[in-house]
Amino acid sequence: EVLRQVRNQALRASVKEAAPTLIAVLTGGIAAYVVGVKDVKTLNRWARGEVTDIRPESETKLRTAYEISLLLLRFDAPETVRAWFIGMDPELDDISPARTIHEGRLQEAIGAARAFAANG
């Protein structure tokens, strides 16, 4: 049930809602890397609604990272969620979830997040 709620919330959220959450939880530089944009200025423009023409690949990464953040924030503090994103994850062959999303391996990152939440 939690997974369905989180997925629905992530799908219904606008980019304008999702971007500031990621910036706050991950910090700007990490969020920009995860989503695959040049720098946090781009994410800030999304958060302000100044840019709506977003590459589908970047939006998909943003929504995936946002969904994972929503899930993990139900169980852990933002600092723990950030640490999980940048840490080496055994579910991902000791690659960070941030890099996994950056590389477009979204289902693997979601699976690792669910395993982390379940074991937390």
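This one's a predicted model, so the numbers in the text were calculated from it and none came from an experiment.
- Atoms CG and CZ, on Leu70 and Arg7 in that order, are 11.5 Å from each other to the nearest 0.5 Å.
- Under a 4.0 Å N-O distance rule, the pair Arg55/Glu59 does not qualify as a salt bridge.
- A side chain to side chain donor-acceptor pair (under 3.5 Å) check over residues 103-117, counting only residues at least two apart or in different chains, returns the pairs Arg99-Glu103, Glu103-Arg105, Arg105-Glu108.
- Cluster membership for Leu3 and Phe75, using ILVMFWY side-chain heavy atoms within less than 4.5 angstrom, is shared.
- The side-chain heavy atoms of Phe85 and Ile101, taken from C-beta on, include a pair separated by under 4.5 Å.
- Not counting sequence neighbours, Asp93 has no partner by the side chain to side chain contact (heavy atoms under 4.5 Å, CB included) test.
- Taking the side chain to side chain contact (heavy atoms under 4.5 Å, CB included) definition, one finds that Arg12 meets it with Asn8, sequence neighbours left out.
- The closest side-chain heavy-atom distance from Pro97 to Ile68 is not below 4.5 Å.
- At least one side-chain heavy atom of Glu67 sits under 4.5 Å from a side-chain heavy atom of Val6.
- Within the 3.5 Å criterion, the main-chain N or O of Ala10 finds a donor-acceptor partner in the side chain of Arg63.
- The nearest pair of heavy atoms linking Ser69 to Leu22 is OG-CD2, 3.4 Å.
- Cluster membership for Tyr66 and Val2, using ILVMFWY side-chain heavy atoms within less than 4.5 angstrom, is shared.
- Summarising the geometry of Pro20 relative to Val15, their closest heavy-atom pair is CD-O, 4.3 Å, with the distance given to 0.1 Å.
- Contact detail for Ile86 and Ser96: the closest heavy-atom pair is O-CB, 3.6 Å.
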Can you give each donor-acceptor pair under 3.5 Å made by side-chain atoms of residues 42-53, sequence neighbours left out, with the distance rounded to 0.1 Å?
residue : atom : partner : partner atom : Å
Asn44   : ND2  : Val40   : O            : 3.4
Arg48   : NE   : Glu50   : OE2          : 2.6
Arg48   : NH2  : Glu50   : OE1          : 3.3

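- Although no hydrogens or angles enter the test, the distance criterion places a donor-acceptor pair under 3.5 Å between the side chain of Thr64 and the main chain of Thr60.
- Hydrophobic clustering (side-chain heavy atoms under 4.5 Å, transitive across Ile, Leu, Val, Met, Phe, Trp, Tyr) groups Phe116 together with Leu106.
- Among residue pairs with one or both ends in residues 14-25, those qualifying as side chain to side chain donor-acceptor pair (under 3.5 Å) are Ser14-Glu17; sequence neighbours excluded.
- Cluster membership for Ile95 and Tyr33, using ILVMFWY side-chain heavy atoms within less than 4.5 angstrom, is not shared.
- Pairing each heavy atom of Val35 with each of Lys61, the nearest pair is O-CD, 3.5 Å.
- The two residues Val37 and Ser58 come nearest to each other via the heavy atoms CG1-OG, 4.2 Å.
- Side chains of Arg74 and Gln5: a donor on one and an acceptor on the other come within 3.5 Å.
- The side chain to side chain donor-acceptor pair (under 3.5 Å) contacts involving residues 79-89 comprise Trp84-Asp89, where partners must be two or more places apart or lie in separate chains.
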